[in-house]
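Every chain is numbered from 1, with letters handed out A, B, ... down the list of sequences. It should be emphasised that the depicted structure is a prediction, and the values quoted were computed from it without experimental measurement. Atom set for the values below is all heavy atoms of this structure, side chains included, hydrogens, waters and symmetry mates excluded.
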Amino acid sequence: MISRRLLVLFAHPSPGRSEINSHLASIAKSHVNTTFVDLYAEYPDYRIDIDKEQQRLCEHDVIVFLFPLFWYSTPALLKEWQDLVLEHGFAYGSQGTALAGKYFLCACSAGGAASAYGAAGYNHHSLRELLVPLEQTATLCHMRYIPPFALFGSRTAVEEGRREEHVQAFAAMLDHLASEPLEVLIRSDVCTVNELLLSSDVESTG
Amino acid sequence: MTGLLLDVFVYLVAAVIAVPLARRFGLGSVLGYLVAGVAIGPVLGLVGSEESVNIQHYAEFGVVMMLFLVGLELEPAMLWRMRGRLLGLGGLQVSVSAGIFAAIAWKFGLDWRTAIAVGLLLSLSSTAIVLQTFQEKGLNKSEGAHSAFSVLLFQDIAVIPMLALIPLLAIPELMDSSGGDVQGAHHDLSLVAGLAGWMYALVVLSSIAAVVVAGHFLTQPLFRFIAATGLREAFTAAALMLVIGIALLMNLVGLSPALGTFLAGVVLANSEFRHELESDIEPFKGLLLGLFFITVGAGVQFGVLAEHALLVISLTLGVIALKASVLFVLALLFKVRRADGWLFTLSLAQAGEFGFVLISYASQNSVLPSDLVPVLLLVVALSMFLTPLLFIAFDRLVLPRYTANTDSGESDEIDERGPVIIAGSGRFGQIINRILRANQISTVVLERSPEQIDNMRQVNIKSYFGDATRPDLLHAAGVDEASLFVVAIDGEEQAIALTRHLKHTHPKLKVLARAYDRGHLYALREAGADWVVSETYYSALQLGKQALRALDYHPFRAENLAASFDKAESRGRDALYEQWLKKDEGERFGRGFQSLYIELEEALHGLMLYDRDDGHARSERGWAPPPKGYTDSLDD
């Protein structure tokens with residue numbers, strides 16, 4: 001029986017106004033195999049404790065960034081976290097193998113509708129394409145990149161009754177990450193992991 | 001009584017007129033004093049040369065005090081680092097110069113014993129003039145000045161064996177003819193007269209040991225005790241007592257008092273009372289040294305000069321030229337280069353005050369024939385007279401040639417930053433000191449309470465005893481070179497006065513001040529402080545932030561709310577300050593200020609929470625999500 005330890009790094013500068021991420025955060029917080037970190041609560045002054053964060057990374061098998069998409073990227077503190085924690089000699093470089101073999105995933109909420117993310121939409125790129133910097137970061141750190149877990153049109157998800165479904169999917173995904181084979185999720189031909197989790201062939205292999 | 005007052009008055013008037021004039025023309029105070037002496041002595045005849053020689057003995061005490069102060073600046077470790085230069089440069093300078101002068105004197109037909117004495121006394125330079133001038137011109141820290149100082153220190157030490165040697169050079173034929181007319185400094189009271197050689201050595205060594213040991217162990221409790229009384233004059237008295245006592249002890253055992261006090265100074269260089277001692281002794285030193293230079297001027301015997309004008313002048317020039325050549329060669333040998341080498345060469349080319357002492361001592365001991373004495377005295381005095389001119393030559397001729405090149409080679413020495421002075425090492429000043437020290441920034445901490453200094457020393461934080469509101473102590477602590485000044489002293493009025501004084505005397509010095517409350521903060525700001533912080537403000541802000549967190553505000557929100565508050569508060573503070581400036585003294589602290597305060601506080605409250613047109617709270621603005629349905633308008 002596989003049992004992976006999950007690290008969810010949550011970055012939301014204004015969680016009091018969050019409609020989606022705060023709900024996903026409470027799921028992660030109560031998940032048994034998961035360590036949940038509210039980065040903005042832990043480092044309100046941006047003074048990130050590099051040693052502590054690296055230690056955390058070493059102690060977990062799956063690293064999840066949980067954040068609202070801000071200008072096609074992470075909120076500032078999560079970028080700061082990458083800049084400081086993913087050091088040469090630790091995360092990359094000839095000596096930097098601390099993260100090798102670990103799984104990496106972004107769970108983010110996007111304001112635009114799914115249709116906006118594509119060559120035809122006003123964003124002109126798929127979400128996966130827009131998150132290429134993170135994907136390449138994971139690759140350089142010898143991590144295995146799982147396509148993003150995403151919610152589109154997040155500003156109207158509550159009104160349209162899509163939140164509950166998304167929250168449940170997130171909980172199911174955490175279970176999956178903790179105990180199911182993950183190689184099937186590492187695919188370059190899909191935009192989001194949501195479609196893989198929903199499709200029956202993944203379920204059946206588990 | 002009237003006679004004494006008249007004498008003192010004449011000396012002071014001469015100094016008061018001549019010194020500022022000399023400074024105004026860029027000649028340095030030493031030349032001013034010398035000219036003043038010439039004016040009241042040989043020219044106006046207000047003081048006789050006999051009495052000026054008597055006064056000179058008291059005035060020489062200025063040299064003793066100066067060496068004490070020099071010692072205070074030199075920590076033992078630094079002295080140890082100087083040892084090579086001290087023995088090498090100093091030893092060679094004295095022996096080579098003395099040898100050459102003696103040989104020449106002998107060639108001119110003097111008795112060989114007289115020739116040796118002349119060589120020795122001319123080899124010495126003037127510690128008083130040279131160090132005083134270095135300090136005045138701010139050359140203290142230069143390489144050349146360090147080398148010159150090593151030589152001067154060696155000379156001061158060398159005087160002791162010279163004094164021992166001179167009686168052995170006595171010429172029997174002179175025995176009865178010379179003697180009593182010149183007062184000697186070393187034949188009065190003595191503990192060592194008639195002792196055997198080894199006993200003398202023992203007494204000398206134990207006196208030096210006594211100075212070192214007592215300086216190290218006894219002075220601390222004594223000064224601490226006196227400091228605790230808070231009486232300034234008691235401390236001054238104790239400082240004088242220390243210096244005079246050591247000088248006395250050295251005289252009794254036949255050592256140079258200057259050397260003894262120098263040693264005591266070195267021993268006390270690490271003491272927390274260092275700056276206080278410096279500022280207490282400094283005025284006495286300055287006055288006595290000035291007096292000493294005046295007596296040198298007053299002692300010039302124009303009669304003798306007129307009679308032997310050619311001889312005296314050519315001898316003087318010869319002495320200076322010869323000493324300068326020896327120094328120049330030594331500078332080359334010891335790699336004291338460029339401007340520093342020239343400074344070294346030119347600064348030490350005169351004969352010095354110890355020359356006077358040796359002349360009178362040698363003539364009493366029948367080493368110098370009596371017709372030679374006035375000529376030698378004139379040569380020494382004139383060479384000292386010419387020294388300020390050599391310094392001027394250095395300034396005008398040498399420096400311009402080298403300053404153009406300094407940017408390339410020597411700049412790393414020049415950009416050395418002065419220390420940060422922190423006045424007050426209570427809870428507030430301590431924290432500032434610790435953060436600066438942790439970053440290898442050198443600080444000088446001044447503290448008025450001896451207990452507090454004790455506490456600080458126990459945790460290895462060095463601070464100095466002294467009242468930071470006293471200009472002389474500030475000067476001793478190095479306010480002229482300081483890069484920053486932190487005012488963290490108790491006493492609201494004192495802090496304001498200190499700030500005002502600092503900004504008045506050193507307009508370029510950055511002053512950071514701690515305020516007690518709003519009124520104090522405005523007053524400090526008005527006094528010119530560049531940055532003022534209320535002592536309770538930031539700690540209260542911090543705890544306020546903690547309170548928000550305790551009320552379940554998200555830590556990042558609490559952080560931002562506190563930051564917004566701080567920003568609004570500081571803007572309000574500026575507005576209040578403008579109002580405060582307009583009020584007159586009575587209103588500032590009376591009922592008028594209170595109502596103004598309340599009025600502005602209310603305005604501030606509004607400013608902080610509702611400063612946007614739509615009434616949207618400022619702190620809410622950050623990270624507000626875009627409105628629902630905002631994507632509809634994005635489609636293209």
State yes or no: are the ring centers of W81(A) and Y43(A) separated by less than 6.0 Å?
no
Within a 6.0 Å radius of atom CZ on R434(B), are there more than 12 heavy atoms belonging to other residues, nucleotides or ligands?
no
Region of P15(A) in contact with chain B, defined by heavy-atom distances below 4.5 Å
side chain
What's the shortest heavy-atom distance between E447(B) and S425(B), and which atoms?
OE1-N, 2.7 Å
For the residue pair Y117(A) and F152(A), does the interplanar ring angle fall in the parallel (under 30°), tilted (30 to 60°) or perpendicular (over 60°) class?
tilted
In terms of heavy-atom pairs under 4.5 Å, which option from L77(A), N123(A), D45(A) contacts chain B the most?
D45(A)
So which part of Y630(B) gets closer than 4.5 Å to some heavy atom of chain A, the side chain, the backbone, both or neither?
side chain
E19(A) versus chain B, the contacting section by heavy-atom distance below 4.5 Å
side chain
